[in-house]
Amino acid sequence: MKSDTRRQGIMDFLMDAGAASVDDLALRFGISKMTVHRDLDELEESGFLRKVRGGASIQPSSLFESDFRYRQKQATEEKQRLAAAAVAMIEPGQTVIIDDGSTAGGIARHLADLRPLTVISNNLAVIQELAGAGGINLIALGGQYSKKFHGFFGLLAEASLKSLRADVAFLSSSAIHGASAFHQDQEVVQSKRLMMAAATRKYLLVDHGKFDRTALHFLTDLSAFDAVFTGREPGSGMREALAAGGVSLTVIDKGP
């Protein structure tokens with residue numbers, strides 16, 4: 001098996017398992033532990049996984065954000081509820097920004113009933129969902145494609161955002177600590193900040209698992225958003241911190 005094919009196989013396995021030991025990977029792919037380590041080193045250097053003691057993981061940490069494909073599989077029912085609720089913030093004829101996150105990206109499938117709309121996004125899943133859709137004026141942000149984040153970033157995307165204005169922006173974040181949002185990747189942070197600056201109204205969509213977590217880079221205080229949507233009531237300590245920070249929290253639960 002060629003090294004590129006094998007490394008893709010390792011990533012495909014981790015997409016389902018989340019983590020694996022060197023021993024498991026050596027047995028599964030019929031290779032030596034030394035070869036596994038070389039493969040993991042290469043994948044870690046490319047930002048696709050993080051090595052942990054005895055193996056590798058694609059689960060997030062304060063320094064590492066998971067691959068888009070893995071995040072799409074997490075908290076799917078809750079993310080669908082958040083996306084369905086968030087579209088109530090949109091009116092036909094408006095311009096909408098959707099960021100690279102798997103949670104905010106779920107809004108795209110609900111937009112057909114609100115046409116006409118102009119949609120701006122760097123999220124390739126959103127672009128693919130809306131490409132050619134009647135009544136949708138789609139503005140795809142240019143830039144360098146990131147396989148890990150399944151979106152476009154960098155100077156070209158940032159320059160485009162600085163020249164655009166929107167009625168509303170929907171963003172996601174990988175970590176909420178206290179009354180602030182954080183993210184592991186500084187390039188992603190920069191794009192999200194520019195999206196916020198370009199929009200009149202701003203909403204954050206985060207599943208409940210993002211609360212009481214932190215990441216390397218400060219994104220923004222949550223009070224910068226008109227509302228924060230989540231799918232489960234946070235613990236009392238977190239709720240108090242949000243209230244003290246002037247954060248408008250909207251809990252979209254499963255109902256009775």
Determine yes or no for a side-chain-to-main-chain donor-acceptor pair under 3.5 angstrom, with [X] supplying the side chain and [Y] the backbone.
X	Y	value
S21	G55	no
R50	Q59	yes
N123	G151	no
Q190	E158	no
S46	F48	no

Near [X] [atom1], under 6.0 Å, is it more than 12 heavy atoms from other residues, nucleotides or ligands?
X	atom1	answer
Q144	CD	no
R232	CZ	no
R165	CZ	yes

* With sequence neighbours excluded, what pairs up with R201 under the salt bridge (Lys or Arg N to Asp or Glu O under 4.0 Å) test? -> none

* Positive for side chain to side chain donor-acceptor pair (under 3.5 Å) with S102, one of Q74, Q72, H150, K79 -> K79

* Would you check, one step at a time, whether the test salt bridge (Lys or Arg N to Asp or Glu O under 4.0 Å) holds for E77 with R81? => CA-CA 6 Å; E77 187 275 335; R81 278 189 281 123; 2.7 Å; yes

State plainly whether the residues [X] and [Y] are in salt-bridge range, i.e. N to O under 4.0 Å.
X	Y	value
R71	E65	yes
D67	R69	yes
K210	D207	yes

* Check whether NZ of the Lys or CZ of the Arg K148 lies under 6.0 Å from the centre of the six-membered ring of F64 and within 45 degrees of that ring's axis. => yes

Do any side-chain atoms of residues 214-228 form donor-acceptor pairs under 3.5 angstrom with protein atoms, and if so which ones, sequence neighbours left out?
unit_1: D221; atom_1: OD1; unit_2: S180; atom_2: OG; d: 3.0
unit_1: D226; atom_1: OD1; unit_2: K202; atom_2: N; d: 2.8

* To do: Could you tell me which non-hydrogen atom of I98 sits nearest to which non-hydrogen atom of S121, and how far apart they are?
  => O-OG, 2.8 Å

* **side chain to side chain contact (heavy atoms under 4.5 Å, CB included) against K33, all qualifying residues, sequence neighbours excluded** => V22, D23, A26

* Steps toward side-chain contact (heavy atoms from CB on, under 4.5 Å) verdict (D39, F29) -> CA-CA 12 Å; D39 287 343; F29 293 97; over 6 Å; no

* **Test side-chain contact (heavy atoms from CB on, under 4.5 Å) applied to K51 and L43, step by step** => CA-CA 9 Å; K51 293 186 73 176; L43 290 167; over 6 Å; no

* Chi angles and distances behind the salt bridge (Lys or Arg N to Asp or Glu O under 4.0 Å) call for R239, E233 -> CA-CA 8 Å; R239 171 61 93 165; E233 184 71 32; 2.7 Å; yes

